[in-house]
Amino acid sequence: MIVVMGATGATGSALLERLTALGVPARALSRDPGRLRARLDRASPARPEPRTGAPAGPGAGAIAEAGAGTPAGAPVEVRAADAADPASLRAAFAGASQVFLTMANGPAQVALELNAVTAAVESGVRHLVKLSAPGAGPDSPVAVARGHHTVEEALRTSGIPHTVLRPYAFMQKLLLLAPGVAAHGTVHGAMADAGCNYIDCRDIADVAAAVLTRPELAGHTYTLTGDRTYSHPQLVRLLGDLLGHRVRYAELSGPELHRHLTATARMPGWLASHVVEIQRMATTHPESPDGTVPRLLGRPPRTLETFLREHLDLFRPGHVTGHVTGYGPGPA
């Protein structure tokens with residue numbers, strides 16, 4: 001049994017779909033299990049995959065072994081749990097062999113993830129996969145990345161076998177640009193011409209499924225990227241080409257972007273600071289794609305152009321929902 005935390009997020013929900021398609025038993029955790037159950041029931045059922053559809057590469061047959069006895073498309077088990085309540089985590093982890101740990105960024109993230117690590121150790125979990133961040137370290141210029149380092153260090157000292165995934169910027173975060181592009185045709189940022197790696201959360205989920213079902217891949221730290229980097233000027237050109245009209249990029253200073261995000265996008269101050277930090281890091285720590293995703297999955301990563309085409313209507317004039325943010329996220 002694999003426990004999936006963060007099951008309502010882009011990566012966690014995609015991982016549930018992948019595990020279900022592979023016939024691997026999965027348990028999703030939520031503070032509101034009824035709501036999660038209804039959401040899973042409304043979702044289109046995963047299409048059962050033939051075993052020949054497993055990711056290529058050494059040990060790929062282990063996926064079939066991991067799903068033995070569970071039909072592809074089997075329903076996900078849903079359990080109530082709150083990361084702020086260690087007792088609920090221990091109950092939710094009971095009988096599980098592996099845990100996938102991801103949580104939304106926030107002031108309480110480190111404390112909540114440390115609760116999960118402790119509960120996993122106490123529950124006898126044999127392998128934990130943590131979603132972290134690129135450049136996680138004690139001296140990172142990004143506060144969230146320093147927090148991820150704290151959790152990674154706790155994993156190392158706990159003795160629990162673990163795998164760390166360090167993806168760069170989620171393509172899905174680019175959907176925050178849609179209201180600003182639809183309303184004003186503008187993207188705001190503070191990255192100048194620095195390139196940013198974008199990766200589809202579905203590729204992150206596919207890598208997570210691989211390391212959870214292929215034991216020979218476990219125990220490592222993997223940096224995950226897409227196929228190429230895009231600067232903000234390149235991003236708006238791509239959007240403009242797809243939309244058929246010009247999209248502008250407005251370069252701001254860090255303080256100007258912070259004010260824009262708090263005043264226009266109504267972001268809390270800590271989140272606006274995070275956005276500014278990650279965009280500044282992109283200018284001081286050049287990014288480049290690597291070959292980890294194709295090496296682990298046996299196929300190239302999804303492209304940014306393909307992702308944007310899937311969601312292009314959200315960027316069109318007249319399709320304005322929510323707050324107009326108009327900022328370009330940097331590495332997630």
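This chain uses plain numbering: 1 for the first residue, then up along the sequence.
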**Message:** Quick one: does any side-chain atom of R280 pair with a main-chain N or O of M191 as donor and acceptor, under 3.5 Å?
**Reply:** no
**Item:** Side chain proximity check, L308 to E305, heavy atoms < 4.5 angstrom
**Value:** no
**Prompt:** Quick one: does E277's side chain have a donor or acceptor within less than 3.5 Å of a partner on A143's backbone?
**Reply:** yes
**R27 side-chain N/O to A92 backbone N/O, donor-acceptor pair under 3.5 Å** = yes
**Prompt:** Linking I/L/V/M/F/W/Y whenever any side-chain heavy atoms sit under 4.5 Å apart, do F170 and L15 land together?
**Reply:** yes
**Asked** At their closest point, which heavy atom of E251 faces which heavy atom of A192, and how far apart are they?
**Response** OE1-N, 2.9 Å
**Asked** Can you tell me how far the CG atom of N115 sits from the CG atom of D85, to the nearest 0.5 Å?
**Response** 9.0 Å
**Asked** Do V24 and L297 belong to the same hydrophobic cluster, where Ile, Leu, Val, Met, Phe, Trp and Tyr are linked whenever their side-chain heavy atoms lie under 4.5 Å apart, directly or via other members?
**Response** yes
**Prompt:** Any sub-3.5 Å donor-acceptor pair from Q172's side-chain atoms to C201's backbone N or O?
**Reply:** yes
**Prompt:** Where is the tightest heavy-atom contact between A28 and L36, given as atom of each residue plus distance?
**Reply:** CB-CD2, 3.7 Å
**Message:** V211 vs Y222, test: side-chain contact (heavy atoms from CB on, under 4.5 Å). Steps then yes/no.
**Reply:** CA-CA 10 Å; V211 300; Y222 297 108; 3.9 Å; yes
**Item:** Working for side-chain contact (heavy atoms from CB on, under 4.5 Å), residues Q109 and L112
**Value:** CA-CA 5 Å; Q109 181 181 5; L112 297 178; 6.0 Å; no
**Asked** Between T163 and G219, is there a donor-acceptor pair closer than 3.5 Å when you use the side chain of the first and the backbone of the second?
**Response** yes
**Message:** How about CZ on R299, more than 12 heavy atoms from neighbouring residues, nucleotides or ligands closer than 6.0 Å, or not?
**Reply:** yes
**Request:** Can you measure from CZ (R35) to CG (L40) and round to the nearest 0.5 angstrom?
**Result:** 12.5 Å
**Request:** Of all the heavy-atom pairs spanning A282 and G195, show the shortest one and how long it is.
**Result:** CB-O, 4.3 Å
**Message:** Main chain of R259, side chain of T262: is a donor-acceptor contact present, judged purely on distance under 3.5 Å?
**Reply:** yes
**Request:** Can you tell me which residue pairs pass the ring-ring contact (aromatic ring centres under 6.0 Å, His included) test with a partner in residues 282-310, sequence neighbours excluded?
**Result:** F307-H311
**Prompt:** What pair of heavy atoms forms the shortest contact from F93 to A116, and how long is it?
**Reply:** CE1-O, 3.5 Å
**Item:** Smallest separation among heavy atoms of E287 and N197, with atom names
**Value:** OE1-N, 2.7 Å
**Prompt:** Are any side-chain N or O atoms of D227 and backbone N or O atoms of P301, one a donor and one an acceptor, separated by less than 3.5 Å?
**Reply:** no
**Prompt:** When rounded to the nearest 0.5 angstrom, what is the spacing between OG1 in T102 and CE in M5?
**Reply:** 9.5 Å
**Residue pair R156, H162: steps toward the side-chain contact (heavy atoms from CB on, under 4.5 Å) verdict** = CA-CA 8 Å; R156 280 189 277 271; H162 60 277; 3.9 Å; yes
**Request:** Check I204, T225, V207 against I199 for a side chain to side chain contact (heavy atoms under 4.5 Å, CB included) and give me the one that passes.
**Result:** I204
**Request:** Identify whether M103 and L131 are in the same connected component of the hydrophobic contact network (ILVMFWY, side-chain heavy atoms under 4.5 Å).
**Result:** no
**Prompt:** Side chain of R37, backbone of V76: donor and acceptor closer than 3.5 Å?
**Reply:** yes
**Message:** What I'd like to find out is whether the side chain of T306 reaches to under 4.5 Å of the side chain of R309, using heavy atoms alone.
**Reply:** no
**Fill in**
d(D203 CG, T292 OG1) to nearest 0.5 Å is 12.0 Å
**Asked** Does any non-hydrogen side-chain atom of R166 lie less than 4.5 Å from one of T221?
**Response** yes
**Asked** If you group Ile, Leu, Val, Met, Phe, Trp and Tyr by side-chain heavy-atom gaps below 4.5 Å, do V129 and L22 land in one group?
**Response** yes
**Asked** Mind checking whether R18 and L212 have side chains closer than 4.5 Å, heavy atoms only?
**Response** no
**Asked** Does R228 use its side chain to pair, donor to acceptor, with the backbone of T303 at less than 3.5 Å?
**Response** no
**Message:** Once rounded to the nearest 0.5 Å, what's the spacing between atom CD of E113 and atom CD of E152?
**Reply:** 10.0 Å
**Message:** Let me check something: do I160 and L101 share a hydrophobic cluster, defined by ILVMFWY side-chain heavy atoms less than 4.5 Å apart, either directly or through other members?
**Reply:** yes
**Request:** Determine, stepwise, if the pair R79 / E77 fulfils side-chain contact (heavy atoms from CB on, under 4.5 Å).
**Result:** CA-CA 7 Å; R79 289 276 190 96; E77 180 184 338; 2.8 Å; yes
**Fill in**
Applying side-chain contact (heavy atoms from CB on, under 4.5 Å) to A145 and not counting sequence neighbours gives S140, V142
**Nearest heavy atoms of Q98 and V125, plus distance in Å** = CA-CG1, 3.9 Å
**Asked** Is it true that a side-chain atom of S30 and a backbone atom of D32 form a donor plus acceptor pair closer than 3.5 Å?
**Response** yes
**Message:** I'd like to check V3 versus F100 (side-chain heavy atoms, cut-off strictly below 4.5 Å). Are they in contact?
**Reply:** no
Quick one: side chains of residues 236-248, donor-acceptor pairs under 3.5 Å with protein atoms, not counting sequence neighbours, listed by atom name and distance.
{"residue": "R248", "atom": "NH2", "partner": "H184", "partner atom": "O", "Å": "2.4"}
{"residue": "R248", "atom": "NH2", "partner": "T186", "partner atom": "OG1", "Å": "3.1"}

**Message:** Is there a side-chain contact between V4 and L29 in this structure, where contact means two heavy atoms from C-beta onward sitting under 4.5 Å apart?
**Reply:** no
**Request:** Taking the side chain as every heavy atom from C-beta outward, state whether H148 and K130 have any pair of such atoms under 4.5 Å apart.
**Result:** yes
**Asked** Under a 4.5 Å cut-off applied to non-hydrogen side-chain atoms, are S132 and L165 in contact?
**Response** no
**Complete:** Between the CG atom in L177 and the NE2 atom in H188, the distance rounded to the nearest 0.5 Å is 11.0 Å
**Message:** Atom CZ of residue position R31 - does it have more than 12 heavy atoms of other residues, nucleotides or ligands inside 6.0 Å?
**Reply:** no
